[in-house]
Amino acid sequence: MSSTRHILTAVAWPYANGPRHIGHVSGFGVPSDVFSRFQRMSGHDVLMVSGTDEHGTPVQVLADQEGVSARELADRYNRVIAEDLVALGLSYDLFTRTTTANHYAVAQELFTGLLDNGYVFTKTTQGAISPSTGRTLPDRYVEGTCPICGYDGARGDQCDNCGNQLDPIDLIDPRSKINGETPEFVETEHFMLDLPAFADVLGEYLRSKSDTWRPNVLKFSLNLLDDMQPRAITRDLDWGVPIPLEGWSDQANKRLYVWFDAVVGYLSASIEWAKRSGDPEAWRAWWQGDGAESYYFMGKDNIVFHAEIWPAMLLGYSGAGDKGGEPGALGALNVPTDVVSSEFLTMEGRKFSSSRRVVIYVRDFLERYDADALRYYIIAAGPETQDTDFTWAEFVRRNNDELVAAWGNLVNRSISMAAKNLGEIPEAGPLTDEDRRVLDASQAAFATVGARLDRSQFKAAIQEAMRTVAEANKYISDSAPWALKKTDPERMKTVLHVALQLVSDAKTLLTPFLPHTSTKVHEMLGGTGVWTGMPRLEEVTDSIGGEDGTSTYSVITGTYAGNEARWESVPIVPGTPLSPPTPLFTKLDPKIVDEELARLEEAAG
RNA sequence: GGGCCGGUAGCUCAGUUGGUCAGAGCAGAGGACUCAUAAUCCUUGGGUCGCGGGUUCGAGCCCCGCCCGGCCUACCA
């Protein structure tokens, strides 16, 4: 913990086929930001990257339905999603998109490297094609009657009724889920990633993580090793990254499969960040060598890509699979240090579903409530290690009892008393044993909360941090400084000094979770400078892959180096002027619970 | 069908390798205080740890079976 580490925070890429809801940001967004802010406060060099995942059939299908191009649709949701993530205060060093020319080049480089090392081969398969568009119909977009149980709504990949895995060509009376037409089945050639060639090295890799990874991620991944199959990495579709090979790149209908280019995004975004920073080689410090660590944040549905496939791609590119090989042009690349997967949030007992409108979009939420209130709920009550249920009643309770009544009130009562009676931070006189005890406990919390955060145990971390808030409230109640005003004004000053020191420490401990309101407390206590950096949208002009010329689009970036916030107790400065405080958090009227539930019912029909 | 995860007080959830592990917060009841967004502080009632077997001196914690819910099973975190 003492020396500087290079920490890559790799955040799952939200899919650009619509706005994201609070379940999405519970999985990848808020936890990754808490982690990154903490590591920066601890003095480490953090690079936090992500972007929108814009290729693939779902975007194309939705664009067709709306009568716009895939690119137009992706542009729209890239902007919506980026704005929402900024509003939440997620401190990306770079949040970009998969449609940049840089991303195309890096994804193609990974493909070429894997091909050169012999981990990619071609295979001819039967694929479903839409006669009207000529596009591939992915298995899930073909439905028909199950040949095994006779269920009519079976999908091309599996039957939801009997659970058997299917091949779309076996379906009786197949039809396109998109427009109902009967698909054609044609022979088509695709590239496959030779995953079995990585079974041994992946097993070794995963077993080396048995002490640090969350058990569910580890068990799930180890289990996958028993049945490794080659996996297609190209697709018959025109919306994607072209295959960088003669005879393929000019085929308008052959592209890299979206999952392949999406996971490469972590690397391409790091490289893009380096270019923008002025040192094109700077990304290497986070990707190569023993000193580089990488932490990947996502929801549980993405474990297979991050704990299995992406490591396999990195190993293959580096020449480290069963077939050996040489590192590609970028050099050998590190596999993930940790894969931090969240479980799922449910919504008032139901599964989130955009199509059924059982959903709360981030944007709608933040129009009515504060970002820190949502961040707090997600960390304190979110799906860190098991599915949890979001309810409006619990949101209101957490906000009112824990943020307003416990933490907000501690700030308010402490600063109010000091401001009204003294107008400044008072000097401490002789300390009692109790004074020393609470101050020591507050200092000790940096180690305990920090250890939790370093291991991505966010729920335990915020509980420990909030415990210091409860301790401080108890200290003030027990010491009753208001009663000392007439009997022992010197002692009152000491008590208020101690109380304000506790507030200052708690504000620091809570900064990774509550960056907006912690900044307010920093300022209330007379602090200056930028306490903890906030992300901003920046318009950039660059070449978008596959198109001539340049385009303007927005990325998220920010300045986080040199912020005031440090992960340590900083002595408050006696004599600093204090003004009567304004409330940190908004107390919510319990009747919003019924209002929100009514809104949900109305939307869901 | 297969794999994985979960089912602990009214509610939301903690419970490392089996032996004060039957817990926390909230809600409920009683009391203290008044600095503070009537916030805070103290005390307190409450649970067959999904069901049925088994291993053990001893099991929420290990094994077997079953019920319920979630995720993955090749493009929804």
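All chains are named by letter (A, B, ...) in the order of the sequence lines, taking the proteins before the strands, and each is independently numbered beginning at 1. Side chains included, hydrogens not; waters and symmetry mates left out as well; all remaining heavy atoms used.
- Within 4.0 Å of A:Thr388, counting heavy atoms only, lie sugar-phosphate atoms of the nucleic acid but no base atom.
- At the phosphate of B:A14, OP1 or OP2 sits under 4.0 Å from a side-chain N or O atom of A:Thr385.
- Classified by interplanar angle (parallel below 30°, tilted 30° to 60°, perpendicular above 60°), the ring pair A:His55/A:His103 is parallel.
- Residue contacts shown for A:Ser342 are absent, as no nucleic acid heavy atom lies under 4.0 Å away.
- As judged by a 4.0 angstrom heavy-atom cut-off over every strand, A:Val258 is placed among the base-contacting residues.
- Here B:C76 is the nucleotide among B:C75, B:A14, B:C76 with the atom lying nearest to any side-chain atom of A:His24.
- For A:Phe513 and A:Phe458, the ring centers sit 6.0 Å or farther from each other.
- Only the C1' atoms considered, B:G45 is 9 Å distant from B:G28, to the nearest whole Å.
- Mapping A:Met417 and A:Val25 onto RNA chain B by nearest heavy atom places A:Met417 at the nucleotide closer to the 5' end.
- Across all strands shown, B:G60 forms no Watson-Crick or G-U wobble pair with both key distances under 3.5 Å.
- Relative to the side chain of A:Asn409, the nucleotides B:A36, B:C41, B:C75 differ in distance, and B:A36 lies closest.
- Looking at which nucleotide of RNA chain B each of A:Leu410 and A:His21 is closest to, the 5′-most match is held by A:Leu410.
- Following rounding to the nearest Å, A:Ile233 (CD1) and B:C75 (P) show an atom-to-atom distance of 14 Å.
- For B:G69 and B:U17, the P atoms lie 28 Å apart once the distance is rounded to whole Å.
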Shorter than 3.5 Å, N or O on both sides, protein versus nucleotides 21-27 of chain B: list them out with atom names.
residue: B:C26; atom: O4'; partner: A:Arg397; partner atom: NH1; Å: 3.4
residue: B:C26; atom: O3'; partner: A:Asp401; partner atom: OD2; Å: 3.3

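- Distance NZ (A:Lys485) to P (B:U34): 13 Å, rounded to an integer number of Å.
- The distance between atom CG of A:Asp478 and atom C1' of B:C42, rounded to the nearest whole Å, is 9 Å.
- If you check every strand for non-hydrogen atoms under 4.0 Å, A:Leu584 touches a base.
- Taking atom CG of residue A:Leu225 and atom C1' of nucleotide B:U73, one finds them 15 Å apart after rounding to whole Å.
- For A:Ser176 and A:Ser130, the side-chain atoms include no donor-acceptor pair closer than 3.5 Å.
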Report, one line per pair, each donor and acceptor closer than 3.5 Å where one atom sits in a side chain of residues 233-240 of chain A; sequence neighbours left out.
residue: A:Thr234; atom: OG1; partner: A:His190; partner atom: ND1; Å: 2.7
residue: A:Thr234; atom: OG1; partner: A:Phe191; partner atom: N; Å: 2.9
residue: A:Asp236; atom: OD1; partner: A:Thr188; partner atom: OG1; Å: 3.2
residue: A:Asp236; atom: OD1; partner: A:Lys254; partner atom: NZ; Å: 2.7
residue: A:Asp236; atom: OD2; partner: A:Thr136; partner atom: OG1; Å: 3.4
residue: A:Asp236; atom: OD2; partner: A:Thr188; partner atom: OG1; Å: 2.7
residue: A:Asp236; atom: OD2; partner: A:His190; partner atom: NE2; Å: 3.0
residue: A:Trp239; atom: NE1; partner: A:Glu54; partner atom: O; Å: 2.6

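- Comparing B:A59 with B:U16, their C1' atoms sit 16 Å apart, to the nearest whole Å.
- Here B:C75 presents its P atom at 15 Å from CZ of A:Phe260, a figure rounded to the nearest Å.
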Quiz item: Step by step, would you call A:Phe365 with A:Trp392 a ring pair (Phe, Tyr, Trp, His ring centres under 6.0 Å)?
Solution: CA-CA 11 Å; A:Phe365 198 103; A:Trp392 284 103; 5.4 Å; yes

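- Within 4.0 Å (heavy atoms only), A:Asp389 reaches sugar-phosphate atoms of the nucleic acid but no base atom.
- Rounded to whole Å, the separation between the P atoms of B:G65 and B:C13 comes to 28 Å.
- Pairing of B:C76, defined by two Watson-Crick or G-U wobble distances under 3.5 Å, is not identified with any nucleotide.
- Looking at the side chain of A:Ala470, the nearest of the listed nucleotides B:A74, B:C41, B:C75 is B:C41.
- Here the side chains of A:Asp84 and A:Tyr361 are not in contact, with every heavy-atom distance at 4.5 Å or above.
- The closest side-chain donor-acceptor pair between A:Asp435 and A:Tyr475 falls under 3.5 angstrom.
- Contacts of A:Ile415 with the nucleic acid, taken as non-hydrogen atoms under 4.0 Å apart, are absent.
- For A:Asn412, counting side-chain heavy atoms from C-beta on, the closest listed nucleotide (B:A36, B:C13, B:C33) is B:A36.
- When each of B:A39, B:G70, B:C75 is scored by its nearest atom to the side-chain atoms of A:Tyr15, the top-ranked nucleotide is B:C75.
- Within the 4.0 angstrom heavy-atom criterion, no nucleotide atom of any strand lies near A:Phe297.
- A:Pro481 comes within 4.0 angstrom of nothing in the nucleic acid, heavy atoms only.
- Straight-line distance between the C1' atoms of B:C62 and B:A27: roughly 36 Å, to the nearest whole Å.
- The A:Phe344 side chain lies nearest to B:C71 when the options are B:A36, B:C71, B:C41.
- A:Pro230 comes within 4.0 angstrom of a base, heavy atoms only.
- Closest contact between the side chain of A:Arg20 and the listed nucleotides B:A14, B:C76, B:C41 involves B:C76.
- In this structure, A:Asp261 and A:Arg255 have side chains that are not in contact, with every pair of non-hydrogen atoms separated by 4.5 Å or more.
- Counting non-hydrogen atoms under 4.0 angstrom, A:Ala405 reaches the backbone sugars and phosphates but no base.
- Note: A:Phe305 and A:Trp259 have tilted aromatic rings, judged against thresholds of 30 and 60 degrees for the angle between ring planes.
- With its ring centre under 5.5 Å from that of the base six-membered ring and a plane angle below 30°, A:Trp482 counts as stacked on B:C35.
- Between the C1' atom of B:A74 and the CE atom of A:Met228 lies a distance of 13 Å, rounded to the nearest Å.
- Side-chain atoms of A:Asn473 lie closest to B:C41 of the nucleotides B:U37, B:C41, B:A39.
- When both pairing distances are held under 3.5 Å, B:U40 makes a Watson-Crick or G-U pair with B:A32.
- Within the 4.5 Å cutoff, no side-chain heavy atoms of A:Tyr369 are placed close to those of A:Asn399.
- For B:G60, the glycosidic angle deviates from 0 by 90° or less, giving a syn base.
- With both pairing distances under 3.5 Å, B:C4 is matched to B:G70 as a Watson-Crick or G-U wobble pair.
- For the pair A:Lys587 and B:A38, the criterion of a side-chain N or O lying under 4.0 Å from OP1 or OP2 is not met.
- Note: CG (A:Leu578) to P (B:C35) measures 19 Å, nearest angstrom.
- At the phosphate of B:C72, neither OP1 nor OP2 sits under 4.0 Å from any side-chain N or O atom of A:Lys300.
- Here B:A9 sits opposite no nucleotide as a Watson-Crick or G-U wobble pair (both hydrogen-bonding atom distances under 3.5 Å).
- Side-chain N/O atoms of A:Tyr266 and A:Trp310 include no donor and acceptor closer than 3.5 Å.
- Nearest nucleotide to the A:Lys420 side chain, out of B:U37, B:G3, B:A36: B:A36.
- Protein atom CH2 of A:Trp13 is 18 Å distant from nucleotide atom P of B:C76, rounded to whole Å.
- In this structure the side chain of A:Leu114 reaches within 4.5 angstrom of the side chain of A:Met313, judged on heavy atoms.
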